[in-house]
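Read through the structure below, which is laid out as structure tokens, and then see the notes.
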Amino acid sequence: MSTTQSIDAPATGAFALLAEYERRSLAHRIGLPDQLDAPGLWRGVGYRIGRRMLASSFDEVIEILPMPPVTPVPGAQPWVLGVANIRGSLLPIVDLKQFLEGERTVLQESQRVLIVRQPGGDVALTIDELFGQRSFLEEDEVSADRIAEGRYGHFVERAYAHANATWGVFSLERLGRTPEFRHAAA
């Protein structure tokens with residue numbers, strides 16, 4: 001029995017098994033890069049604040065981290081939890097729920113923060129729950145009226161119905177340009 005096989009010869013034994021695995025793998029290519037950027041498909045980072053399901057563009061979120069140790073800052077707005085040393089840079093940690101709803105987030109061990117770039121420096125925003133990547137189809141777009149109530153109305157641009165929930169597209173870039181958000185001193 002030969003240890004090498006011709007490309008044109010039928011596969012046998014272990015080589016046949018590997019060739020079958022390759023054939024099956026190539027038959028199930030899901031989410032190729034050109035398909036992920038398909039027209040009418042919007043993708044972002046999904047998360048929850050309070051009872052609202054939100055998503056923000058990947059372009060607006062630099063990084064997602066566990067809640068770092070926070071040092072309180074005297075004289076700051078109540079929604080500024082303090083500052084944290086993240087790889088040698090001091091970043092303000094903002095309780096986004098308190099900024100938007102006036103209700104303080106109950107911090108948990110599994111707490112995550114979104115690192116967001118804004119004019120003047122990065123900022124870390126607390127979220128209640130992280131869902132990771134979410135994709136929405138253009139045809140699933142719905143009215144954002146309900147999810148954009150109150151202060152959310154300035155930041156929620158549109159909404160999608162997906163998996164029995166309404167997801168608001170939250171503009172972190174607009175949040176960073178909001179004068180009230182930029183003046184964290186009390």
Side-chain angles (χ1 to χ4, degrees), residues 36 40-68 70 72-73 75-84 86 91-186:
L36 294 176
L41 182 69
W42 185 86
R43 298 172 52 221
V45 177
Y47 54 93
R48 181 180 61 80
I49 297 175
R51 58 182 174 81
R52 287 180 170 81
M53 308 295 272
L54 302 170
S56 295
S57 172
F58 288 126
D59 299 340
E60 297 177 319
V61 178
I62 297 171
E63 191 172 2
I64 300 167
L65 297 173
M67 183 72 166
V70 178
V73 177
Q77 292 285 347
W79 40 268
V80 176
L81 298 177
V83 293
I86 298 178
L91 297 185
I93 308 294
V94 170
D95 185 341
L96 190 53
K97 182 177 178 183
Q98 188 167 13
F99 177 77
L100 294 167
E101 299 179 11
E103 183 181 328
R104 189 150 202 130
T105 297
V106 178
L107 298 177
Q108 306 167 10
E109 193 170 309
S110 62
Q111 193 81 40
R112 295 287 186 261
V113 293
L114 305 178
I115 308 296
V116 176
R117 181 150 293 141
Q118 65 170 12
D122 298 346
V123 63
L125 307 171
T126 62
I127 57 174
D128 288 333
E129 189 174 3
L130 177 68
F131 297 104
Q133 176 182 311
R134 290 292 179 259
S135 300
F136 303 100
L137 297 172
E138 190 173 279
E139 63 246 23
D140 293 332
E141 187 167 345
V142 296
S143 169
D145 291 346
R146 285 189 42 213
I147 202 160
E149 293 174 340
R151 296 187 77 182
Y152 286 88
H154 184 66
F155 307 107
V156 174
E157 302 170 325
R158 60 186 183 278
Y160 294 96
H162 180 71
N164 298 324
T166 300
W167 294 75
V169 176
F170 191 90
S171 174
L172 296 170
E173 188 266 334
R174 191 175 296 163
L175 175 70
R177 288 186 285 124
T178 301
E180 182 185 356
F181 185 76
R182 297 184 53 77
H183 294 100

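Treat the numbers as computed from the prediction; the structure is a model and nothing was measured. By convention here, the first residue in the shown sequence is residue 1.
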Please test I93 against M67 for side-chain contact (heavy atoms from CB on, under 4.5 Å), starting from the C-alpha separation and ending with a verdict.
CA-CA 9 Å; I93 308 294; M67 183 72 166; 3.8 Å; yes
If every non-hydrogen atom of [X] is compared with every non-hydrogen atom of [Y], which pair is closest and at what distance?
X	Y	value
S171	E157	CB-OE2, 3.6 Å
A159	S143	CB-O, 4.0 Å
I86	P68	CD1-CG, 4.2 Å
F170	E60	O-OE1, 3.6 Å
G176	P119	O-CD, 4.1 Å
F58	Q133	CZ-CG, 3.6 Å

Min side-chain heavy-atom separation [X]-[Y] under 4.5 Å:
X	Y	result
T178	H154	yes
E141	W42	no
V142	H162	no
V45	L130	yes
L81	V94	no
S57	E173	no
Y47	V61	no
T105	Q111	yes

How long is the span from the [atom1] atom in [X] to the [atom2] atom in [Y], to the nearest 0.5 Å?
X	Y	atom1	atom2	value
L125	K97	CG	NZ	15.0 Å
W167	R48	CH2	CZ	10.0 Å
L96	L175	CG	CG	6.0 Å
R104	T126	CZ	OG1	8.5 Å
L91	I115	CG	CD1	5.5 Å
I147	Y152	CD1	OH	8.5 Å

Assess whether atom [atom1] of [X] is packed by more than 12 heavy atoms of other residues, nucleotides or ligands within 6.0 Å.
X	atom1	answer
E63	CD	yes
R174	CZ	yes
R158	CZ	yes

Carefully, step by step, assess D122 and V116 under the rule side-chain contact (heavy atoms from CB on, under 4.5 Å).
CA-CA 6 Å; D122 298 346; V116 176; over 6 Å; no
Stepwise side-chain contact (heavy atoms from CB on, under 4.5 Å) check, R52 with E149
CA-CA 10 Å; R52 287 180 170 81; E149 293 174 340; 3.7 Å; yes
Verdict with supporting geometry, M53 and F131, side-chain contact (heavy atoms from CB on, under 4.5 Å):
CA-CA 9 Å; M53 308 295 272; F131 297 104; 3.5 Å; yes
Identify whether NZ of Lys or CZ of Arg in R151 sits under 6.0 Å from the centre of the six-membered ring of F99 and within 45° of that ring's axis.
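Positive - R151 is close enough to the ring of F99 and near enough to its axis.
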